Amino acid sequence: MSSYETACRYFDQASRQVGLSKNMQDLLRTPEREVKVEVAIERDNGEIATYIGYRVQHDSSRGPMKGGLRFHPEVNGDEVLALASLMTWKTALVNIPYGGAKGGISVDTSKLSQGELERVTRKFIDKIYDVIGPLKDIPAPDMGTNAQVMAWIMNQYEKYRGFNPACVTGKPLELHGADGREEATGRGVAMVTRDTLDHMKIDMTGVTVAIQGFGNVGSYTAHFLDEFGAKIVAVSDASGGIYSADGINIPKLIEYTKDTGAVKGFPETEALSNEELLTSNVTVLIPAALGGVLTKDIAKEVKARCIIEAANNPTVPEADEIFDKNGVIVVPDILANAGGVTVSYFEWVQNRQHFSWEKSRVRSELDRIMNDSFKLVWKIATDKKVSLRVAAYILGIGRVGRATVLGGI
Ligand code: NAD
């Protein structure tokens, strides 16, 4: 099943609950615009390399479209479309005034020099600058992109449109970024994990956690869960995984990965594969890397009591059904990782007002939105006797549907 078919299946389940007509379902499911562009650069050795870039603008009924930009070899149009639709429901779920979009370039950044990465980024913006902008569509970081890439995007966009820091979020602090944006997705994941354990009446202190992915989201999730008293026993990245029954020293691991670029070989841990991590004997499992990793076969072996989807689209529908049957609580991506887009919104607000907030304000506003959204989704799930995923979609789709009807076609 393709990523978009997966996203549509979840959409269909929830829209039946919301009672959307067939016409409205078609309207909400269909993206407003899909852009596919050639991104050609001269490599350092003088050769020409050609990549394909995508930007899908899914829905703008609640405001300018918003979504990350992913640089990864597996990026394709279907996946970008699926992720763009998730952004529409996500921004509505946390009730920030945005629609949904997503973009990406099919490129392996580990094979590019810093100069080549910059040229790829700037060329992509040359190709799409007229369809993005602070009141149209605002990119942000995702897998394979970071604050530096966002700085190049702003700089390139400003060559066409003049000073415009609100055209992209996730920027460095020195260039109109928001204090607290880099940690935001991971902090939100950790807040939602704490809320979930509270509702399951499981004590946070010493609770065992496995995290797949140790990039921006995985590492900050680990940092905050460690601070909240959880015991992170397994962590992995593209190089493989590590395990320690006594708990991994997260501050030291973060320092270690800054030096080595990977978790592999971290002292006082055993090696484990990514598959072993997903099925390890823990209470909380957090996929924080790629989509589609929780397959039907893996789902049967999962021992965790709850799964917090820090990554986008990590669970295939057949696996979701198994989790439902086995009583495994799954906190869906559109709720669990919404902290990133929420603080991106705060960054955009600050850029548009030319007024910076203290980090403490960013954190407290984020915590409030995550906690309130979690409570609302949990209540819908309990009242309607549906999974948290269906409840989250009911909330998101309901808000987008009402905005669409009120605005008119
Ligand atoms: P990142 O590029 O910073 O880190 C990705 C991590 O995944 C790295 O540790 C990498 O080694 C690991 N990885 C890659 N391939 C892997 C594999 N085959 N097996 C195991 N690990 C693998 O990316 P990120 O920003 O942390 O994003 C991670 C996920 O979170 C993505 O699904 C992304 O869409 C989602 N997300 C990110 C944000 C954000 O603010 N960055 C917001 C919402 C959702």
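Atoms within each ligand, like the ligands themselves, are counted from 1 in listed order. Here the structure is a predicted model, which is why all the values come from computation and not from measurement.
- From the protein, the heavy atom lying nearest to atom 37 (C) of ligand 1 is V217 CG2, 3.4 Å.
- Nearest-heavy-atom check against atom 27 (O) of ligand 1 across M143, E182, E275, Q212 picks out M143.
- Judged by distance alone, the side chains of Q156 and D126 do bring a donor and an acceptor atom under 3.5 Å apart.
- Inclusion of H72 in the set of residues having an N or O under 3.5 Å from an N or O of ligand 1 is not warranted.
- Seen from the ring of F11, R29 does not count as a face-on cation partner, given the 6.0 Å and 45° thresholds.
- Judged purely by atom type and a 3.5 angstrom limit, Y256 uses its side chain to pair as donor or acceptor with the backbone of G265.
- Taking every heavy atom of D237 and a limit of under 4.0 angstrom, the matching atoms of ligand 1 come to 9 (O), 11 (O), 20 (C), 21 (N), 22 (C).
- Side-chain atoms of N146 and N216 include no donor-acceptor pair closer than 3.5 Å.
- For ligand 1, the atoms lying closer than 4.0 Å to a non-hydrogen atom of A311 are 29 (C), 30 (O), 32 (O).
- By the 30° and 60° cut-offs, the orientation of the rings of Y220 relative to H223 is perpendicular.
- The closest non-hydrogen atom to atom 28 (C) of ligand 1, taken over G67, A288, G213, comes from A288.
- Near F214, meaning under 4.0 Å from one of its heavy atoms, ligand 1 places the atoms 9 (O).
- Contact annotation: for T185 versus ligand 1, heavy atoms closer than 4.0 Å belong to the side chain alone.
- At the top of the distance list for atom 6 (C) of ligand 1, counting protein heavy atoms only, stands G215 N, 3.8 Å.
- Counting only non-hydrogen atoms, the option in A238, G186, G339 that gets closest to atom 12 (C) of ligand 1 is A238.
- The pair R33-D137 fails the salt-bridge criterion, with no side-chain N (NZ, NE, NH1 or NH2) lying under 4.0 Å from an Asp/Glu carboxylate O.
- By the 4.0 Å heavy-atom criterion, R181 is counted among the residues contacting ligand 1.
- If you number the atoms of ligand 1 from 1 as listed, the ones under 4.0 Å from a heavy atom of R70 come out as 31 (C), 32 (O), 33 (C), 34 (O).
- In summary, K252 and E268 do not engage in a salt bridge, as defined by a charged side-chain N under 4.0 Å from a carboxylate O.
- With a 4.0 Å cut-off on non-hydrogen atoms, N274 touches ligand 1 through its side chain and not its backbone.
- For the atom pair CD1 (I132) and CD (Q57), the distance works out to 9.0 Å, reported to the nearest 0.5 Å.
- At a heavy-atom cutoff of 4.0 Å, ligand 1 is contacted by no atom of V341, backbone or side chain.
- With a heavy-atom cut-off of 4.0 Å, A310 touches ligand 1 through its backbone alone.
- The closest protein non-hydrogen atom to atom 17 (C) of ligand 1 is L290 CD1, 3.9 Å.
- Comparing heavy-atom distances from atom 32 (O) of ligand 1 across S236, G144, A289, A338 singles out A289 as nearest.
- Ring geometry for H199 against W378 counts as tilted: the plane angle lies between 30° and 60°, on a 0 to 90° scale.
- For the pair R119 and D44, the salt-bridge criterion is met [side-chain N within less than 4.0 Å of a carboxylate O].
- Y98 and Y345 have perpendicular rings, their planes meeting at more than 60° on a 0 to 90° scale where under 30° would count as parallel.
- Protein heavy atom nearest atom 3 (O) of ligand 1, with residue, atom name and distance: N216 N, 2.9 Å.
- When only non-hydrogen protein atoms are considered, atom 33 (C) of ligand 1 lies nearest to D142 OD1, 3.4 Å.
- Rounded to the nearest 0.5 angstrom, I153 CD1 and T145 OG1 are separated by 7.0 Å.
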